[in-house]
Structures are given as structure tokens and as C-alpha cells.
Number of protein chains: 2
Amino acid sequence: MINKKKTTIKDIANALNISPAAVSKALHDDSRISAKTKEAVKKVAKELNYQPNHLASALRRGKSNLVGVIVPRTNSNFFSSVIQNIEEVLNKEGYNIIITQSNESYKKECSNIDTLLFTQVDGIIASMANETISLNYYEKIKSKGIPLILFDRGENDLNVDYIGINDYESSHMIVEHLVEQGCKRIAHIGGYRRTRIFNNRIKGYIDALKKYDLPLDESLLIESSLTLEDGREKMLQLLNLKNRPDAVYVAGDYAALGALQVLNENNIDIPNDMALVGFGNEPFTSMVTPTISSINQHSTEIGKLAALTFLERVNNPDIKQTLNKKILDAELIIRDSSHVKKD
Amino acid sequence: MINKKKTTIKDIANALNISPAAVSKALHDDSRISAKTKEAVKKVAKELNYQPNHLASALRRGKSNLVGVIVPRTNSNFFSSVIQNIEEVLNKEGYNIIITQSNESYKKECSNIDTLLFTQVDGIIASMANETISLNYYEKIKSKGIPLILFDRGENDLNVDYIGINDYESSHMIVEHLVEQGCKRIAHIGGYRRTRIFNNRIKGYIDALKKYDLPLDESLLIESSLTLEDGREKMLQLLNLKNRPDAVYVAGDYAALGALQVLNENNIDIPNDMALVGFGNEPFTSMVTPTISSINQHSTEIGKLAALTFLERVNNPDIKQTLNKKILDAELIIRDSSHVKKD
DNA sequence: TATATTTGCTTAATCGTTTAAGCAAAAGTA
DNA sequence: TACTTTTGCTTAAACGATTAAGCAAATATA
């Protein structure tokens with residue numbers, strides 16, 4: 001019953017009394033094989049339950065049709081959605097993906113890269129760990145000559161394709177929205193400036209304040225690790241100021257949630273006493289009370305674009321990889337935490 | 001600068017004027033190769049930046065050292081944690097994992113299985129999609145003769161290894177806890193009975209009621225898809241009963257969150273007027289107001305055990321795979337939603 | 001000293017597929 | 001008719017590693 005021995009192209013060849021080469025060509029619809037033979041081969045292949053040996057063909061062709069994906073973690077809605085869309089696009093083109101997580105650790109990221117190169121992937125799509133500063137390992141990918149595509153967390157210096165949202169502009173949208181709600185003192189709990197996307201959000205925040213003639217108060221701009229705990233801490237810090245802000249823009253949803261908890265615990269009216277905006281549109285932002293306004297990072301488009309960019313690269317291997325940024329406009333989703341009812 | 005041509009075992013052999021076979025053996029510390037040669041080989045390998053071609057060795061040895069993992073989705077804390085632990089254990093043994101998501105769809109699950117078999121994985125660790133009823137595709141894995149390990153969502157009829165928590169006992173723990181809080185009418189919003197784990201939770205609920213001499217009221221036992229929306233709906237249904245329950249045990253955290261929202265919107269005092277317990281210990285259960293009591297499913301242990309079970313199977317291929325259940329005791333985490341302060 | 005064993009390598013086959021090169025038969029062209 | 005071209009296949013060499021079998025030299029044993 002159970003067919004332990006796997007059927008190979010040779011078995012089909014023997015069954016039909018033709019050569020393995022003919023079988024291979026028939027299965028690939030080679031023009032030099034007659035329609036009759038093709039039909040016969042496909043019929044026998046099905047009968048014998050033939051499954052091509054991917055390893056053999058990959059070895060011979062020098063192409064594995066596997067694409068490696070590296071993300072900081074998969075249990076974030078943003079990353080899992082990006083992955084899903086990468087998969088969807090690439091599957092259609094005959095590629096399969098291998099997902100690995102760095103857990104925000106540089107060391108893990110390096111070992112992931114080794115793993116993927118070892119598996120002979122045809123390319124790597126990655127979002128860098130928070131910890132990552134050295135680019136040695138990413139250079140290693142480039143030196144292998146396989147396409148490297150970065151998204152969300154990228155690095156200009158690598159001179160590769162990058163897909164992300166317009167962080168600078170997102171900050172503008174948020175500040176503009178808060179100004180419209182009547183806020184005059186807008187604080188920003190941002191990420192660390194050394195990470196490019198967080199630096200851009202900070203720059204956008206500062207420039208937007210200027211645009212709306214709001215003074216930049218250094219005590220209202222705080223760098224953070226953006227964890228839930230750190231969000232709580234930094235929010236408390238803001239509440240203890242003599243001159244409290246009337247709005248807080250937090251560069252990550254988890255930290256925004258921490259801030260929300262602190263505000264609720266101190267019975268501060270959101271959004272009337274303090275408006276709150278997060279970043280990332282994690283599902284829980286619409287689950288908590290009050291719901292948190294946030295930025296939609298367009299994970300669907302980022303995933304699709306990353307996959308398409310890879311395909312472009314892999315299909316044009318002679319074109320040298322250069323810095324090539326695709327920046328999407330983000331979308332502000334206004335929820336209860338920043339929507340002042342006017343009457 | 002860039003070394004396009006990859007170094008092979010042959011290059012090392014040429015450099016040292018020995019045979020490729022000797023190089024291969026030296027790299028694998030074969031006892032029949034002299035220490036001197038081994039040293040020389042390893043030195044040259046490093047100098048030429050040799051990376052073994054995984055495809056070639058996998059083809060030759062008939063082993064890919066890849067393990068496929070199929071989960072309904074990765075953006076759940078439970079699954080991403082299980083995956084992380086599987087990875088940790090298997091990486092140490094030289095295996096890499098390929099993660100695929102079914103999105104709870106049977107069709108996607110089938111195509112994932114095909115993908116993994118195509119990639120010549122050495123085994124598959126899976127948790128079934130909600131939709132999955134037919135086991136044909138899983139039989140296909142078994143018929144290939146590679147180990148199949150199921151976790152969380154499994155099926156007795158497949159007669160393979162299974163790792164999960166004690167769902168029946170978990171329901172007992174929850175009911176016992178609610179009784180201790182003084183609850184007399186405990187409702188259960190469960191999953192569909194056709195899924196074994198949900199059926200077990202329902203059976204546990206019914207038997208626990210008996211144990212504590214609480215009458216089983218059919219109107220208090222509701223089957224659900226356990227989405228947030230459905231949780232809201234079923235909670236409303238319970239609130240509209242003439243004889244309301246004083247506690248609700250929901251078999252999934254997302255649905256529990258929906259229930260919580262409805263209770264909050266109706267200004268019902270949790271837990272005094274209505275106690276609430278969820279299942280799964282998703283991170284948001286400790287983020288919402290009030291925090292939701294829930295069951296910790298021991299994702300760490302499940303992941304590790306799944307990986308170890310696979311290793312056992314793969315290292316003892318002659319032993320026939322049979323139904324082999326490893327059931328862990330779950331842990332009830334008591335939070336504000338079910339903790340009545342006694343005075 | 002003669003024989004057996006161990007050491008340290010080489011040779012060559014193999015894994016399953018792809019593909020360049022080749023060749024006879026059929027079909028097309030002059 | 002005599003040739004070129006096309007069709008439909010076969011042969012055989014790869015891809016890069018592993019490994020069974022073999023063989024000479026070194027070492028051990030009787």
C-alpha cells in the first residue's frame with residue numbers, strides 16, 4: 001500500500017521505454033517532444049504518483065526557488081501580514097519562502113542569515129533587528145550575489161532595495177490631526193534616533209511643530225525602547241511635568257498602550273485632557289478602551305512590493321543592485337483616543 | 001573582490017593535491033583521515049570561504065535537514081512561541097525549519113503540505129486549520145514515510161504523535177475557580193464540538209458542573225467560531241436571557257475580549273455581576289480593562305516537546321508511528337475579570 | 001620473517017534532474 | 001532527385017557532495 005520508494009523520472013522512462021531526458025523535457029513542455037509522448041508521460045507520472053525531487057533539480061539548475069525571510073518576530077500583525085503577502089506573490093511564481101525570526105537579536109539574525117545561505121536560497125527579504133548596527137552579515141549576502149530586499153527596518157548604507165512607509169510624512173499627518181483637535185502642547189515618545197525610521201519620525205515631528213508655529217519643548221521629546229513597560233514609564237514622566245502636554249504621539253502601539261494604561265489609572269480624560277496617537281495599527285488598538293488612533297503601515301502593499309522587487313532582481317541578475325527606495329504613504333486611522341467631539 | 005564562483009570541495013582538493021573524497025571526510029572528522037590532513041583541509045576551507053552546498057549533500061544523503069511547520073497563523077502569541085521553541089531545539093541538532101501558514105483554510109493547508117513535501121522536508125510538525133475535516137492530505141505525509149507530529153489541533157484518527165494541553169482538565173480548573181468566587185450560574189461560550197479540543201473543553205465544563213452540583217442549563221452552553229465578533233454576539237445572547245449567568249467561561253481569548261467589550265458597554269460590573277475567564281493567555285488579556293483571567297497553554301513546552309518528538313522519530317525510523325499523546329497540564333492565570341475581592 | 005591489521009588515502013559510483021550535443025527519420029525545399 | 005531543415009528523440013556529462021570498495025604503505029602480531 002505505502003509506496004516507500006519514490007518514483008523518479010527514470011521509472012517513468014522505463015515504463016514508457018524512452019529516455020529519462022525525454023521524460024524531463026516532456027514534463028517541462030519542451031517543444032522538441034511530441035504531443036503524444038508528453039501526454040503519455042504525464043499520464044504515467046500521475047499514475048505512479050511522481051513528485052519531482054526538488055533537491056536534484058535545484059542542484060542541477062543552481063537555483064533553489066526558495067526565498068528567505070527574516071523578521072524581528074512573527075507575532076506582530078504587521079510582520080505576519082507582510083509575510084503572508086510575500087508568500088502569496090512568490091508562490092504564484094513557483095517560489096517558496098522560509099521564515100526566520102531574529103527576536104530583535106543581532107546574533108540570532110546572523111545565524112539566520114547563515115542558515116538561509118546554507119539552504120541555498122535564491123534571495124533574502126529582511127527587516128532588521130533593533131539591535132543590528134553592524135552590516136557585515138548583510139554584506140555577506142550581497143557578496144554571494146543573491147538579491148537582498150529590505151523592508152520597514154532598513155539601512156541606506158547597504159545600497160539595496162528598500163520598501164517602507166513615509167515615516168517623516170506620517171509624523172506630519174499626526175501632528176496636523178492633533179492640531180486640528182485643538183491640541184497646543186504635543187509630546188512625542190519616539191524610538192531611538194539611531195534607527196532610521198524612528199529618526200525620521202522624530203524629524204517629521206519637529207518640522208511639523210514648526211509648520212504649525214508650536215514651540216519645540218525639549219522635555220516633550222523622549223526617546224524610548226517602545227515596549228509597553230517603557231511606554232508606561234515615559235508617560236508617567238510626562239505627567240510629572242509642571243507644564244503637561246495635551247497630546248502624546250507615541251512611535252509604537254505597544255508603548256502607546258502602556259501610556260494609555262497610565263492615563264486611565266490616573267483618571268485622565270482621553271482625548272479631552274490628553275489626546276493619544278500610536279503607530280502601527282496593531283489589532284489591539286481597536287480593542288482597548290478608548291480605542292487608540294494609529295498609523296496603518298500598509299503591510300499588504302509592503303509585502304507585495306517586496307516580493308515583486310525580489311522577482312525583478314532575480315529575473316535581471318545582470319543589473320547591479322543599487323539603493324532603490326520605494327516609499328509608501330501611510331494612513332492615519334482616527335479612533336476615540338484623539339477624536340475630540342466638537343459641539 | 002566579490003567571489004561569484006562558489007568554492008566547492010573540489011577546489012579545496014585541488015589546492016591541497018588530494019581527492020575530493022578526502023576533503024569531504026576531513027570536514028566530517030572521519031577517523032580514517034590523519035589529523036594533519038584534517039587541519040590543512042579546514043584551514044584552506046576557511047581561506048577559500050567554503051560553504052557546503054546543502055542541496056548536493058541533501059540529495060546524496062536523501063535527507064534535507066529541513067522540517068516543515070504548519071500553523072493556522074503566526075500572529076498569535078501561542079503559535080509564534082511554539083514555533084520559536086521548535087526552532088531552538090531543532091537548530092541545535094542541525095535542522096532548519098520552514099514555517100507556513102494555513103490561515104485556517106483547508107485548501108491553503110493542502111497546498112502547504114504539497115510545498116513542504118516538494119521541498120523534501122524530513123518531517124512535518126503541524127497544527128490543523130479550523131476548517132480541516134478530511135485527513136487525506138495528512139495521510140499523504142504519512143504515506144511518504146516521514147514523521148508527522150501534531151500539536152494543539154490534532155486528530156486521533158491519524159495515529160501519529162500529538163502534543164497538547166489537558167483541555168478537559170482545564171475546564172475543570174476554570175469551573176472550580178469560578179465556584180470558589182461564589183458563582184452559581186456559569187455559562188460557556190465554546191468552540192465547535194467537531195474540533196476535538198473544543199469538544200473536550202465542553203465535556204470538561206459539563207462534568208465539572210456536575211461535580212459541583214450545579215445544574216446544566218442548555219441555554220448557558222453555546223457553540224461559537226470564537227472570533228471577537230462572535231464573542232460579542234454570544235455574550236449579548238446571554239445577557240438577554242431571563243435568567244442571566246453570573247459567570248462566563250469563553251473557550252478563546254479573542255471571543256472573551258468581545259464578551260468583555262459587551263459587558264463594559266452595558267456597565268456590568270466585572271467580576272461582581274459577571275465573572276469572565278478566557279482561554280489561551282494572549283498578551284492582550286493582561287492589557288485590557290479589567291484584565292482577563294485565562295489559561296496558559298504552555299507554548300514553550302509544547303514547542304520543545306514537538307521538536308524532541310520529531311527528533312525521536314527521525315532517529316528511529318524503523319519504529320512504526322502510532323498514536324502517542326503527550327498531554328500537558330494547563331495553568332489558570334487569575335486576573336481581575338474573575339477575582340472577587342472578599343471582605 | 002611472514003602474515004594480519006590498521007592507516008590514509010584514491011577511485012568511481014551515486015543521488016535525481018537538467019541540458020548541451022548528437023543523430024536518425026521525417027518533412028520541406030530547390 | 002538531392003539537399004537542407006525540422007522533428008523527436010538519445011547519449012552522456014554535468015551539479016556538488018557522500019560513500020562503498022579498493023589499494024598501497026605503515027604498523028602490529030605470531
Side-chain angles (χ1 to χ4, degrees), chain A residues 3-42 44-45 48-66 94 117-122 144, chain B residues 3-42 44-45 48-66 94 117-122 144-146:
Chain A
N3 211 12
K4 278 274 181 179
K5 269 276 156 288
K6 283 169 195 157
T7 336
T8 72
I9 237 170
K10 224 172 165 177
D11 300 324
I12 302 176
N14 287 338
L16 291 168
N17 233 5
I18 56 176
S19 72
V23 174
S24 172
K25 285 177 185 162
L27 291 171
H28 287 93
D29 272 327
D30 190 294
S31 62
R32 299 284 286 273
I33 300 292
S34 72
K36 211 170 110 192
T37 307
K38 280 181 190 170
E39 210 177 321
V41 166
K42 285 173 186 168
V44 175
L48 298 182
N49 190 26
Y50 169 72
Q51 299 270 129
N53 185 324
H54 169 250
L55 296 174
S57 83
L59 172 61
R60 177 60 232 255
R61 295 181 314 145
K63 225 171 146 284
S64 68
N65 275 44
L66 290 172
L117 292 178
F118 173 71
T119 318
Q120 313 287 122
V121 293
D122 289 341
K144 289 273 167 197
Chain B
N3 213 8
K4 278 278 179 175
K5 268 276 154 292
K6 284 168 195 158
T7 358
T8 71
I9 237 170
K10 221 172 168 179
D11 300 323
I12 303 177
N14 287 337
L16 291 168
N17 233 4
I18 56 174
S19 73
V23 174
S24 172
K25 285 178 185 160
L27 291 172
H28 287 93
D29 272 327
D30 189 296
S31 63
R32 298 283 285 272
I33 299 291
S34 72
K36 210 171 107 189
T37 307
K38 280 181 190 169
E39 209 177 319
V41 165
K42 284 173 186 168
V44 174
L48 298 182
N49 190 26
Y50 169 73
Q51 298 270 129
N53 186 324
H54 168 250
L55 296 174
S57 79
L59 173 62
R60 179 59 232 258
R61 297 182 311 146
K63 224 170 146 289
S64 68
N65 274 44
L66 291 172
L117 292 178
F118 172 73
T119 318
Q120 314 285 124
V121 292
D122 289 342
K144 289 273 166 196
I146 63 172

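Not measured: the values here are computed from a predicted model. Chain letters run A, B, ... following the sequence lines, proteins first, then strands; residues in each count from 1.
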Could you tell me the separation between the CG atom of B:Leu66 and the CG atom of A:Leu66, rounded to the nearest 0.5 Å?
7.5 Å
Nearest-0.5 Å distance, CD1 of residue B:Ile33 to NE2 of residue B:His28:
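These two atoms lie 12.0 Å from each other.
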Over all atoms of both residues, closest heavy-atom pair of A:Ala13 and A:Ser19
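A:Ala13 and A:Ser19 have their closest heavy atoms at CB-C, 3.7 Å.
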List the atom of A:Ser64, the atom of A:Ala58, and the distance in Å for their closest heavy-atom pair.
CA-CB, 3.8 Å
Among residues 23-31 of chain A, which residues get a heavy atom nearer than 4.0 Å to DNA chain D?
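Per residue number, the list reads A:Lys25.
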Please identify each residue that fulfils side chain to side chain contact (heavy atoms under 4.5 Å, CB included) with A:Asp29, with sequence neighbours left out.
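So A:Asp29 forms a side chain to side chain contact (heavy atoms under 4.5 Å, CB included) with A:Lys38, A:Lys42.
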Can you confirm whether B:Ile9 sits close enough to B:Tyr50 that some side-chain heavy atom of one is under 4.5 Å from a side-chain heavy atom of the other?
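Side chain of B:Ile9 against side chain of B:Tyr50, heavy atoms only: contact under 4.5 Å found.
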B:Arg32 has an atom CZ; how far is it from atom C1' of D:dA21, in whole Å?
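Answer to the nearest Å: 11 Å.
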Using atom CD of B:Gln120 as one end and atom C1' of C:dG16 as the other, report the distance to the nearest whole Å.
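Those two atoms, CD and C1', are 9 Å apart.
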For the NZ atom on B:Lys63, are there more than 12 heavy atoms of other groups (residues, nucleotides or ligands in this structure) within a distance under 6.0 Å?
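Atom NZ in B:Lys63 is packed in, count exceeds 12.
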Start with the C-alpha distance between B:Lys144 and B:Leu117, add both sets of side-chain angles, then the distance that settles side chain to side chain contact (heavy atoms under 4.5 Å, CB included), and finish with yes or no.
CA-CA 9 Å; B:Lys144 289 273 166 196; B:Leu117 292 178; 4.1 Å; yes
For nucleotides 12-16 of chain D, tabulate all protein N/O to nucleotide N/O atom pairs closer than 3.5 Å, reporting atom names and distance.
from	atom 1	to	atom 2	distance (Å)
D:dA14	N3	A:Arg60	NH1	3.1
D:dC15	O2	A:Arg60	N	3.3
D:dG16	N2	B:Ala56	O	3.1

Would you say D:dC9 has OP1 or OP2 under 4.0 Å from some side-chain N or O of A:Ser34?
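Yes, such a contact exists.
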